[in-house]
Structure formats: C-alpha cells, structure tokens
Amino acid sequence: MRVSRRGWMIGVAALTAAAALLATGMMAAERATSRASAANSAPAPAALQVVYPTRRPEPPPQLAERLQALASAWGEPVGVAVSDVGSGWIAAVDGDSPYPQQSVSKLWVAVAALDAVDRGELSLEQEVVFEEADRSVFSQPIVKRLGPEGYRTTVRELMLRALAESDNAANDKLIRTVGGVEAVDVSLRRLRLAGVGIGAEERDLQAQIAGLTWRPEYGYGRNFQQARATLPDWARDQAMDAYLAQPLDGASPNAIVQALAALRRGEVLSPDSTAVLLAMMAEARTGPNRLKGGLPLGWSIAHKTGTGQDLRGYSIGINNVGLLTAPDGRTYAVAVMMRRTFKPVPQRLAFMQAVSRAVAESWVAEAGPAAELASMRKPGELTE
C-alpha cells in the first residue's frame, strides 16, 4: 500500500506525540528530583526500574553462553553486545573491537542535531533548502523532491528521512546543518557518548572506501558505480583493506549499546528530544527481517541498520542496532555488527534473528512462566 508523504509525516507526528507522553512518564519515575517538568507527568504503566550500581552486574550466564555459541558457529568476525537498560549488565562477544558502522552512524548525527535543539541552536521546524549540490551516493530518495529552486524541507524531515529511510543525502545535509562533522563529534563528546562518532559525510566515506575522491557528478544516476568500476582490482582492495583495518566510522558494539542505553534512560537528551528520536527509530523501514524479524509477538523495536559496499563476493558493515522492549516494558540495547561477510543474505538475517530470539528467551527465563505467552516468533520472509 502506498502511503502519501503527508500521511506518513502525520502518522509519525502522532507516534512522536505518543512517545513523548510515554517517555516523560518514565523519566519522571527515574529522575523526579532532577526535572520539575517531568514531575507533573502521569506515570507510565511500564516504567523502567533503573539501578545505578557501583559495579556493573554480571549478565545472565545462559544468554552470554548462547551469544558465544552463535558467534563461534558463525565462523567469521562478528561483534555482538546486549545490555539491560535498567540494570546495566552487558553480554558481549568481541564487544570492544571497532566495527564499521555504515548507516548506524546516522543515529549520532540525529543525536547531535537534537542536542542543538535542546541548546536552542536549532529548531526541528527550521527551514532548510536542499539543493542539487547536496546530492550524495546510493540511497537518496530526497533528490526526487528537487525542483528548479531546490526543495524546501525542515530539520525534522531531514532527520526522519535519515533514520527511517537511511537517506544518505538527507543525512549529509543534516550534518552540514548542524555545523559539519567536527560539530557532531564535539556534541557527542559534550554528551559523554564515548566511542561513537561519524568520521565523515556519507558521500566522502563511501568514495574513500571505494578508492575514489568524491566529485559532485557522482551524485547523479550510476556515475559513482561506473567510476568505481574503472578502478583496478588492486586499488579497490587496497582502499577496502585500509578502511576495514581502521574504519573511519568505527565503533565497538559495547560503546553502541551503552550509548543506546543512556539515551533510553533519558541521560543524554531532553525528554521531548528523546521521544522524537525513539519515535523516528521505531519508524525505520530498513532491515525488517534483521533483529526485528526474530522478535516474538508483544515485543517492540526502535532501531537503525547499516549496510556497506560489496566487493568480489563479500559485503562489509552489515549491522543492526537498537532498543528491544519486552511486553513488561523491560528494554535491552542490542548491537550486531559484521565487519566483512561472505555469507548469503538469508544466513545474515538468520544470525541476527537468532540474537534477538536469544534476548527474548533470556527475558522469558527471568520473567517467569507468564512470559511464555510472548515467546512465539513473528513470521517473516528472509529478505533484507
């Protein structure tokens, strides 16, 4: 079913409003002494019980063992991390190694933009003119809106397109609207989100990975792919190997789940901005059969995918990170990151679904018999 852009934006606005009410209620229970505005909110029925231990608790042994078994059977480098947002424990496999984020990094651009909103430097409704010079590479559906005088949009729409559609051109324009790559990094440091960043605009990053330097004409049609195809194999291999050895947009699974958990607890952005971000992440259209595909009925997910380039039978940066919420409101931050994989798409999806099922099964074990009703998987095709 085709949904009009107006209908889609209205629907997202409604989701954002609902999420704002829910987030404010949960943050009132968690931080009533720090925000007077949250004190007047109605308590949410599934408020998180947040514990701030002096020492991080140990994860459930069965979950840790299951993740290790999945990673061992995978047979390729893979990073997995799961964190209970309330208690703070982390179960991980290769959790501290940097992995290419690819479009996962769009999350941190959105965080920086919302930080600017909280600081009064930007408004979500601020008008932005998207122009021909703002074209990027690969997925950029916003360019279809371009007219003779460009396309008049807003900070909110750029953010929504970047998160929900993984639109590279919208994301790059948002980076420039915030003040550039360095401004994003400064914001993340100020917010104490250690170990995450963006490295570069998408068009510059993808050109570097391919062994090219970005040129404006690459933003049209298949010009980028054609220029890439003219490079000798050694040049492609050299550029790819250099990127994978030190990914410019690299982040570890542990750093990502800790950042997501802090965001979910309301420790990073204002209640309103937190609600906006979570609502947009919940609208993600990409990766419906990655982590989301393995969740039982009654669970919800707010997430972001990453998908890198292909080269001679392998793909890089195949990722999915997000917040998985159980029927009782308990939330887990999860990151699955594949540095370089030769596996076919159905096996990649099956691995990610196995991780989300493992999280759900761990919740069932801790929540008791009542959770068994939510243990049925959602059906779904194995397509990315």
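This is a predicted model, so every value here is computed, not measured.
Counting only heavy atoms from C-beta outward, the side chains of Leu70 and Val80 never approach each other to under 4.5 Å. Between Leu263 and Glu267 the shortest side-chain heavy-atom distance does not fall below 4.5 Å. Between Ile316 and Met240 there is a side-chain heavy-atom pair separated by less than 4.5 Å. Using a 4.5 Å heavy-atom cutoff, the side chains of Gln101 and Pro247 are not in contact. The shortest distance between side-chain heavy atoms of Arg145 and Arg161 falls below 4.5 Å.
Between Glu202 and Lys173 there is no salt bridge, since no side-chain N of the basic residue sits under 4.0 Å from a carboxylate O of the acidic one. Of the charged side-chain nitrogens involved, at least one lies within less than 4.0 Å of a carboxylate oxygen, so that Arg312 and Asp233 count as a salt-bridged pair. Ion pair Asp134/Arg176 flagged as a salt bridge, since at least one NZ, NE, NH1 or NH2 atom sits closer than 4.0 Å to an Asp/Glu carboxylate oxygen. Between Arg339 and Glu76, none of the side-chain N atoms (NZ, or NE/NH1/NH2) sits under 4.0 Å from a carboxylate O, so this pair counts as no salt bridge.
Here the closest non-hydrogen pair linking Val276 and Arg156 is CG2-NH1, 4.4 Å. Pro57 and Trp89 make their closest contact through O-CB, 3.2 Å (heavy atoms, listed as atom of the first residue, atom of the second, distance). Across Ala112 and Ser187, no two heavy atoms sit closer than the pair CA-OG, 3.5 Å.
A donor-acceptor pair under 3.5 Å is formed between the side chain of Asn168 and the backbone N or O of Val137. Between the side chain of Ser83 and the backbone N or O of Val85 there is no donor-acceptor pair closer than 3.5 Å. A donor-acceptor pair is defined here as one N or O able to donate and one able to accept, closer than 3.5 Å; such a pair exists between the side chain of Thr331 and the backbone of Gly329. Looking only at distances, a side-chain donor or acceptor of Lys343 sits under 3.5 Å from a matching main-chain atom of Trp74. Remark: side-chain polar atoms of Tyr99 are paired, donor with acceptor, to backbone N or O of Val78 under 3.5 angstrom. The backbone N or O of Leu212 lies less than 3.5 Å from no partner atom in the side chain of Arg228, so there is not a single donor-acceptor pair. Although no hydrogens or angles enter the test, the distance criterion places no donor-acceptor pair under 3.5 Å between the side chain of Gln102 and the main chain of Ile318. Using a distance-only test at 3.5 Å, with no hydrogens or angles considered, a donor-acceptor pair links the side chain of Asn319 to the main chain of Met338. Between the side chain of Ser105 and the backbone N or O of Ile198, no donor-acceptor pair lies under 3.5 Å. Counting only distance, with no hydrogens or angles, the side chain of Arg56 and the backbone of Gly88 share a donor-acceptor pair below 3.5 Å.
Applying the ring pair (Phe, Tyr, Trp, His ring centres under 6.0 Å) rule to Phe138 yields the partners Phe224; only residues at least two apart in sequence or on another chain are considered. Applying the side chain to side chain donor-acceptor pair (under 3.5 Å) criterion to Arg222, with sequence neighbours excluded, gives no partner residue. Residues satisfying the salt bridge (charged side-chain N to carboxylate O under 4.0 Å, His left out) test with Asp96, not counting sequence neighbours, are none.
Under a 4.5 Å side-chain heavy-atom cut-off, the cluster of Ile, Leu, Val, Met, Phe, Trp and Tyr residues that includes Val129 has no other member. When hydrophobic side chains of Ile, Leu, Val, Met, Phe, Trp and Tyr are connected at separations under 4.5 Å, Val257 ends up clustered with Ile90.
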Would Ile256 and Trp108 count as a side-chain contact (heavy atoms from CB on, under 4.5 Å) if you check the C-alpha gap in whole Å, the side-chain angles of each, and the deciding distance to 0.1 Å? CA-CA 10 Å; Ile256 289 174; Trp108 319 127; 4.2 Å; yes

Kindly indicate, with the supporting measurements, whether the criterion side-chain contact (heavy atoms from CB on, under 4.5 Å) is fulfilled by Leu122 and Thr177. CA-CA 9 Å; Leu122 278 182; Thr177 301; 4.2 Å; yes

Between Thr341 and Arg348, does the side-chain contact (heavy atoms from CB on, under 4.5 Å) criterion hold? Intermediate values first, please. CA-CA 8 Å; Thr341 179; Arg348 303 173 193 176; 3.6 Å; yes

Working note: Asn223 + Tyr220, criterion side-chain contact (heavy atoms from CB on, under 4.5 Å); need CA distance, chi angles, decisive distance, verdict. CA-CA 6 Å; Asn223 289 349; Tyr220 294 84; 3.8 Å; yes

Can you check salt bridge (charged side-chain N to carboxylate O under 4.0 Å, His left out) on Glu361 and Arg66, steps first, answer last? CA-CA 10 Å; Glu361 290 164 2; Arg66 179 59 178 153; 5.2 Å; no

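Atom CG of Leu269 and atom CG of Leu191 lie 6.5 Å apart (nearest 0.5 Å). Considering CD of Glu125 and OG1 of Thr154, their distance stands at 5.5 Å, rounded to 0.5 Å. To the nearest 0.5 angstrom, Leu260 atom CG is 15.5 Å from Tyr332 atom OH.
Every pair passing salt bridge (Lys or Arg N to Asp or Glu O under 4.0 Å) that includes a residue from residues 239-257 is listed here, sequence neighbours excluded: Asp241-Arg340.
The cationic atom of Arg152 (NZ for Lys, CZ for Arg) does not lie both less than 6.0 Å from the six-membered ring centre of Phe130 and within 45° of the ring axis.
Applying the 6.0 Å contact sphere to CD of Glu366 captures more than 12 heavy atoms from other residues, nucleotides or ligands. Residue Glu127 qualifies as enclosed at atom CD: its count of foreign heavy atoms under 6.0 Å is above 12.
Tested against Glu201 for a side chain to side chain contact (heavy atoms under 4.5 Å, CB included), the candidates Leu174, Ile175, Val109 yield a single pass: Ile175.
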